[in-house]
Asks: 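Quick one: the structure is below, and I'll ask about it shortly.
In what follows, chains are A, B, ... by sequence order, proteins preceding strands, each numbered from 1. Keep in mind the model is a prediction, meaning the values are calculated, not measured.
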Number of protein chains: 2
Amino acid sequence: MKLSQGVEWCLHAVVLLGQLPQGTVLPRTLMAQHHGLPDDYLAKYLKQLVRAGVLMASTGPRGGYRLARPAERITAWEVIEAIEGGQSFFHCQEIRQCGTGAARPAECTEPCAIHQMMHSAFLTWKDQLSQTTVADLVQQVPEHVRERNRQGLLNA
Amino acid sequence: MKLSQGVEWCLHAVVLLGQLPQGTVLPRTLMAQHHGLPDDYLAKYLKQLVRAGVLMASTGPRGGYRLARPAERITAWEVIEAIEGGQSFFHCQEIRQCGTGAARPAECTEPCAIHQMMHSAFLTWKDQLSQTTVADLVQQVPEHVRERNRQGLLNA
DNA sequence: GCATGTCTACTCGGATAACGACTGTCCGAGTGCCCCTGG
DNA sequence: CCAGGGGCACTCGGACAGTCGTTATCCGAGTAGACATGC
């Protein structure tokens, strides 16, 4: 099992936007070149971020993507949710109710122990990612790198 | 992203073995019938549990699978690790070192913020599953269900 | 000089192939038990 | 009646197709700005 690489790309894209002055619009081409990513394929994922309300897109000259909200109010989980769908990666098939040892529906009023454990672990994972904002990630980028990125992107 | 269904099957299989007297050997056919699973396909996953040292297999008449250790000393994570590989589901591609905005290797002595966050969340997930043993899961199965399973499987 | 209309270049969005992993199935290898046979 | 050997049924293990999701790519729709033109 592995996450789509789009998760990494989108997180980097959002962090990149978070390094620029609030409201800055960045064309996809620049983003892709900055990280050495295929422009067309990156579009597939950024589109999903727009749908999820994380980014806003504008077309035409001087168009591009910008953060839909201040970086402090966008969590890493929102980005992952937009790409991966946000549902638990464990899907209980209720096999306890199948086969010769099937439990009766009356005995299955609540999820089985395995389901509960997996769901609990997933919530822990999700919660941890929900507590990290894009602003937190931006702050961990060294200042001189941020400055270099601003110079490279705003003057382009 | 989703976990292989083999994870669910194997967890149920291990919990089922944990309900029987210690050292009980159960043929795969019975296991599959008990949960209504395809026997041949289940083999694919149980094999991996044997390789990982979670189960022990014996062939021939009266053969089958049994727990390699007492249920108290087998964790849920071990089962998942045997099926899914145990590595983090986030693979950092170091795209910060690619493209026009590439960081120099000297600036990348430690993982990037995104990598650190994802890895930390993964460890939390993994640790939580490592703290749950098969015995814990067995105890959450209602006693009358356990008794019914014992009757159904040992007398077969 | 200014307003207006058109035209061009730029940007995002949706639709369409190629690849790989998970899913599903088959047959062969090995082993322990049972039964038959001979003493 | 007992010991030994052969046969058989049972079980796991590895190898081979099918299906779905991720990956990768292309082209079209729409828009904002710039330029030329007429007043």
Asks: Whole Å only: how far is the NE2 atom of B:H91 from the C1' atom of C:dA21?
Replies: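 My rounded result for the distance is 13 Å.
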Asks: At less than 4.0 Å, is any side-chain N or O atom of A:R51 found next to OP1 or OP2 of C:dG14? Yes or no.
Replies: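 Yes, such a contact exists.
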Asks: Aromatic rings B:F90 and B:H115: how do their planes relate, parallel, tilted or perpendicular, breaks at 30° and 60°?
Replies: tilted
Asks: Nucleotides 3-8 of chain C: which of its N/O atoms have a protein N/O under 3.5 Å away?
Replies:
none

Asks: Verify whether one side chain among B:D136 and B:T133 offers a donor that lies under 3.5 Å from an acceptor in the other.
Replies: yes
Asks: Just how far, in rounded Å, is P of C:dC10 from CG of A:L30?
Replies: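 Spelled out: CG on A:L30 to P on C:dC10 is 13 Å.
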Asks: When we call it a touch if two heavy atoms are under 4.0 Å apart, what does A:S58 touch: a base, just sugar-phosphate, or nothing?
Replies: sugar-phosphate
Asks: Any chance you could lay out the salt bridge (Lys or Arg N to Asp or Glu O under 4.0 Å) test for B:E143 and B:R150, step after step, and finish with the verdict?
Replies: CA-CA 11 Å; B:E143 174 55 32; B:R150 276 194 289 272; 3.2 Å; yes
Asks: OH of B:Y65 versus P of C:dT31: gap in Å, rounded?
Replies: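 Taking OH of B:Y65 and P of C:dT31, I get 15 Å after rounding.
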Asks: Rounded to whole Å, how long is the line connecting atom CG of B:L49 with atom P of D:dC12?
Replies: 13 Å
Asks: Answer whether the closest heavy-atom distance between the side chains of A:L26 and A:H34 falls below 4.5 Å.
Replies: no
Asks: Tell me the interatomic distance from A:F89, atom CZ, to C:dC22, atom P, rounded to whole angstroms.
Replies: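 Whole-Å distance recorded here is 15 Å.
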Asks: Any sub-3.5 Å donor-acceptor pair from B:E84's side-chain atoms to B:S4's backbone N or O?
Replies: yes
Asks: Check the orientation of A:F89 and B:F89. Use parallel for under 30°, tilted for 30 to 60°, and perpendicular for over 60°.
Replies: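 Answer is tilted, since the angle falls between 30° and 60°.
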Asks: Counting only N and O atoms by type, is there a donor-acceptor contact under 3.5 Å from the side chain of A:E72 to the main-chain atoms of A:A135?
Replies: no
Asks: Take atom NZ of B:K47 and atom C1' of C:dG30, then tell me their distance rounded to the nearest Å.
Replies: 15 Å
Asks: Would you find more than 12 non-hydrogen atoms of other residues, nucleotides or ligands less than 6.0 Å from A:H119 atom NE2?
Replies: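 For A:H119, atom NE2 is not crowded (no more than 12 foreign heavy atoms under 6.0 Å).
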Asks: Quick one, A:M117 with B:L11, criterion side-chain contact (heavy atoms from CB on, under 4.5 Å). Give me CA distance, side-chain angles, the key distance, then yes/no.
Replies: CA-CA 11 Å; A:M117 173 189 68; B:L11 283 172; 4.2 Å; yes
Asks: To the nearest Å, give me how far apart CD (B:Q33) and C1' (D:dT11) are.
Replies: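 Rounded to whole Å, this separation is 14 Å.
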Asks: Which nucleotide, C:dC12, D:dG13, D:dG33, lies nearest any side-chain atom of A:R62?
Replies: D:dG33
Asks: Quick one, give me the B/S/- string for nucleotides 20-31 of chain D, reading 5' to 3', where B means a protein heavy atom under 4.0 Å from the base and S means that only happens at the primed atoms, P, OP1 or OP2.
Replies: --SBBBB---BB
Asks: Starting from C1' on C:dT11, measure out to CG on A:D39 and report it in whole angstrom.
Replies: 10 Å
